[in-house]
Amino acid sequence: MNAGLGAATARVPAKINLHLGVGPLREDGFHELSTLFCALSMYDDVTVRTADELSLTVRGESRRQVPTDASNLAARAVVELAARAGRDPHVAIAIDKHIPVAGGMAGGSADAAGALLAAARLWRLDLSRTELLEIAADLGSDVPFSLTGGAALGTGRGEKLLPVLHRGDFHWVIAVSGSGLSTPSVYRELDRLRDSRDGAEHSGDAGTRRPDELMVAIASGDVHAVAPLLHNDLQPAALSLQPLLRRTLRAGREAGALAGIVSGSGPTCAFLCATADAAVEVAAELSGSGVAKAVRTASGPVAGARLIPTDKNH
Ligand code: ATP
């Protein structure tokens with residue numbers, strides 16, 4: 001695969017958080033998290049090609065929202081990996097973008113994970129999984145999960161992962177919002193909301209509790225057991241910043257979804273459906289209701305970043 005072509009491509013899934021518990025603010029500015037990640041069948045493809053200098057291009061509807069300079073997480077991943085390998089980061093990076101940008105689905109993290117995997121392959125680096133995960137964690141809290149995929153419990157900033165047993169596929173409808181939300185601003189809003197209330201119950205101390213009941217439900221594969229346990233501590237903050245999301249959540253449930261939540265820091269909303277057919281019906285109804293910019297179906301958990309043959313046209 002990709003052998004001898006001077007190019008390598010990685011395909012990387014989006015994520016949603018089936019549970020996102022936000023604990024207290026830490027000294028380093030991050031919040032302590034207890035989260036259950038699930039990788040979804042919505043993918044970015046990241047290709048790296050040998051070149052004379054580092055460059056980056058993005059293809060896809062949302063390409064204008066993605067930086068193409070050194071701040072792009074995929075470029076940062078390549079620069080970091082090259083520095084560790086003691087070589088120049090001279091590659092042309094091409095991102096085929098399908099994951100919503102600033103949507104709470106870890107699109108940038110997926111691209112960083114893809115760039116790491118593809119560049120390690122292109123340069124034939126002999127890296128252990130542990131080394132790759134370490135570099136990933138330095139790049140961003142969600143990058144390790146983009147590599148591992150499946151379902152996993154994330155603690156710390158979300159970078160410490162424990163695989164979670166899961167059975168079968170869960171079917172989702174994803175409602176993409178017209179405007180993004182910046183993750184730091186959603187955390188700031190959560191802190192503001194918590195500060196404006198009294199009492200320890202709002203300080204975030206409960207946020208680091210492990211979602212044991214949900215883990216049992218996921219292992220059983222029973223979608224009806226999973227649905228009422230979906231939870232996101234960031235949802236009130238995302239709704240406070242984008243009040244129209246309440247309408248989206250209501251519309252999804254009225255369309256027949258078992259449950260709906262804001263995905264991560266939002267504003268993407270994810271609706272869990274009983275079957276694949278039900279998801280198609282909910283998606284059709286949501287599309288017609290005009291509450292979202294785009295509506296898609298996806299299933300998960302799926303595997304994390306993996307190498308695929310390079311498309312010669314890109
Ligand atoms: P998360 O769920 O990890 O908090 P997100 O899905 O909400 O993140 P991203 O799509 O990762 O958000 O984008 C957040 C911001 O990061 C964007 O607004 C963009 O400016 C910047 N960014 C840097 N690199 C990328 C990339 N490769 N793809 C998308 N955005 C990127």
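Counting starts at 1 for both ligands and their atoms, following the listed order.
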Engineer: Does atom 7 (O) of ligand 1 have a protein non-hydrogen atom under 4.0 Å from it?
Structural biologist: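 Flag for atom 7 (O) of ligand 1 set to true, protein heavy atom closer than 4.0 Å.
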Engineer: May I ask whether Gly180 places a heavy atom under 4.0 Å from ligand 1?
Structural biologist: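 Contact check Gly180 vs ligand 1: negative.
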Engineer: Can you name the atoms of ligand 1, numbered from 1 with element, that are less than 4.0 Å from a heavy atom of Ser109?
Structural biologist: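 Matching atoms, with element in brackets: 3 (O).
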Engineer: Please say yes or no: joined through hydrophobic side-chain contacts below 4.5 Å, possibly via intermediate residues, are Val176 and Tyr43 part of one cluster?
Structural biologist: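 No, it is not one cluster - the side chains of Val176 and Tyr43 are not joined through contacts under 4.5 Å.
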Engineer: Quick check on contacts: which atoms of ligand 1 are under 4.0 angstrom from a heavy atom of Gly103?
Structural biologist: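 Taking each heavy atom of Gly103 in turn, ligand 1 has 5 (P), 6 (O), 7 (O) under 4.0 Å.
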Engineer: Identify which of Lys97, Gln65, Arg63, Lys15 has a heavy atom lying nearest to atom 29 (C) of ligand 1.
Structural biologist: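 Shortest heavy-atom distance from atom 29 (C) of ligand 1: Lys97.
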Engineer: Determine whether any protein heavy atom is located less than 4.0 Å from atom 19 (C) of ligand 1.
Structural biologist: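 Within 4.0 Å: yes, protein heavy atom nearby.
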Engineer: Please confirm whether Gly104 comes under 4.0 Å of ligand 1, counting heavy atoms of the residue only.
Structural biologist: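 Flag set, Gly104 near ligand 1.
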Engineer: Heavy atom to atom 2 (O) of ligand 1, shortest distance: which of Gly114, Ala106, Pro67 holds it?
Structural biologist: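 Considering heavy atoms of Gly114, Ala106, Pro67, the nearest to atom 2 (O) of ligand 1 sits in Ala106.
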Engineer: Indicate whether the side chain of Ser128 and that of Glu131 have a donor and an acceptor atom separated by less than 3.5 Å.
Structural biologist: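 Indeed, the side chains of Ser128 and Glu131 share at least one donor-acceptor pair under 3.5 Å.
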Engineer: Within the structure provided, determine whether Val22 and Leu33 are in side-chain contact (heavy-atom separation under 4.5 Å).
Structural biologist: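 Side-chain contact under 4.5 Å: yes.
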Engineer: Give me the residue, atom name and distance of the protein heavy atom closest to atom 10 (O) of ligand 1.
Structural biologist: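 So the nearest neighbour among protein heavy atoms is Ala102 N, 2.8 Å.
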Engineer: Regarding His98 and Asp45, is there a side-chain donor-to-acceptor distance under 3.5 Å anywhere?
Structural biologist: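 The criterion, which ignores hydrogens and geometry beyond distance, is not satisfied for Asp45 and His98.
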Engineer: Heavy-atom distance to atom 30 (N) of ligand 1: which of Val101, Thr183, Leu234, Asp69 wins?
Structural biologist: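 Ranked by closest heavy atom to atom 30 (N) of ligand 1, first place is Val101.
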Engineer: Is it the case that the side chains of Glu254 and Ser289 hold a donor-acceptor pair, with the cut-off being a distance below 3.5 Å and no angle test?
Structural biologist: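 There is no such pair between these side chains.
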Engineer: Apply salt bridge (charged side-chain N to carboxylate O under 4.0 Å, His left out) to Asp44 and list each qualifying residue two or more places apart in sequence or on a separate chain.
Structural biologist: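 Per chain and number, Asp44 pairs via salt bridge (charged side-chain N to carboxylate O under 4.0 Å, His left out) with Lys97.
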Engineer: Give a yes/no verdict on whether any heavy atom in Pro100 is under 4.0 Å from an atom of ligand 1.
Structural biologist: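 Right, Pro100 reaches ligand 1.
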Engineer: Can you tell me if Glu189 and Ser240 form a side-chain donor-acceptor pair at under 3.5 Å?
Structural biologist: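 Present: a donor and an acceptor within the cut-off.
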Engineer: Would you check the N or O atoms of Asp142, main chain and side chain alike, for any that come under 3.5 Å of an N or O of ligand 1?
Structural biologist: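 Yes: some nitrogen or oxygen of Asp142 is under 3.5 Å from one in ligand 1.
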Engineer: Checking a contact table here: which protein heavy atom is nearest atom 11 (O) of ligand 1, and how many Å away?
Structural biologist: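 The protein heavy atom lying closest is Gly108 N, 2.7 Å.
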Engineer: Considering heavy atoms of the protein only, find what lies nearest to atom 27 (N) of ligand 1 and give residue, atom and distance to 0.1 Å.
Structural biologist: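 Going atom by atom, the protein heavy atom closest to atom 27 (N) of ligand 1 ends up being Asp111 OD2, 2.8 Å.
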Engineer: For atom 24 (N) of ligand 1, which protein heavy atom lies nearest, and how many Å away is it?
Structural biologist: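 Its nearest protein heavy-atom neighbour is Leu73 N, 3.0 Å.
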Engineer: Do ligand 1 and Gly266 have nitrogen or oxygen atoms that lie under 3.5 Å from each other?
Structural biologist: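 Such a contact does not occur with ligand 1.
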Engineer: Taking the side chain as C-beta and beyond, is there a heavy-atom pair between Trp172 and Cys273 under 4.5 Å?
Structural biologist: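 Counting from C-beta outward, Trp172 and Cys273 never come under 4.5 Å.
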Engineer: Going by the atom numbers of ligand 1, which of them fall below 4.0 Å from some non-hydrogen atom of Asn72?
Structural biologist: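 Near Asn72, meaning under 4.0 Å from one of its heavy atoms, ligand 1 has 23 (C), 24 (N), 25 (C), 26 (C), 27 (N).
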Engineer: Asp212: which residues meet the side-chain hydrogen bond (donor to acceptor under 3.5 Å, both in side chains) condition with it, sequence neighbours left out?
Structural biologist: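 Only Arg210 meet the side-chain hydrogen bond (donor to acceptor under 3.5 Å, both in side chains) criterion with Asp212.
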Engineer: Can you see whether Asp69 engages Ser71 through a side-chain donor-acceptor pair at a distance of less than 3.5 angstrom?
Structural biologist: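 Judged by distance alone, the side chains do pair up.
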Engineer: Tell me yes or no: between the side chains of Thr35 and Asn17, is some donor less than 3.5 Å from an acceptor?
Structural biologist: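 A pair is found: one side chain offers a donor N or O, the other an acceptor, under 3.5 Å apart.
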Engineer: Between Val66 and ligand 1, which part of the residue brings a heavy atom under 4.0 Å of the ligand: side chain, backbone, both or neither?
Structural biologist: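 Looking at Val66 and ligand 1, just side chain atoms fall under 4.0 Å.
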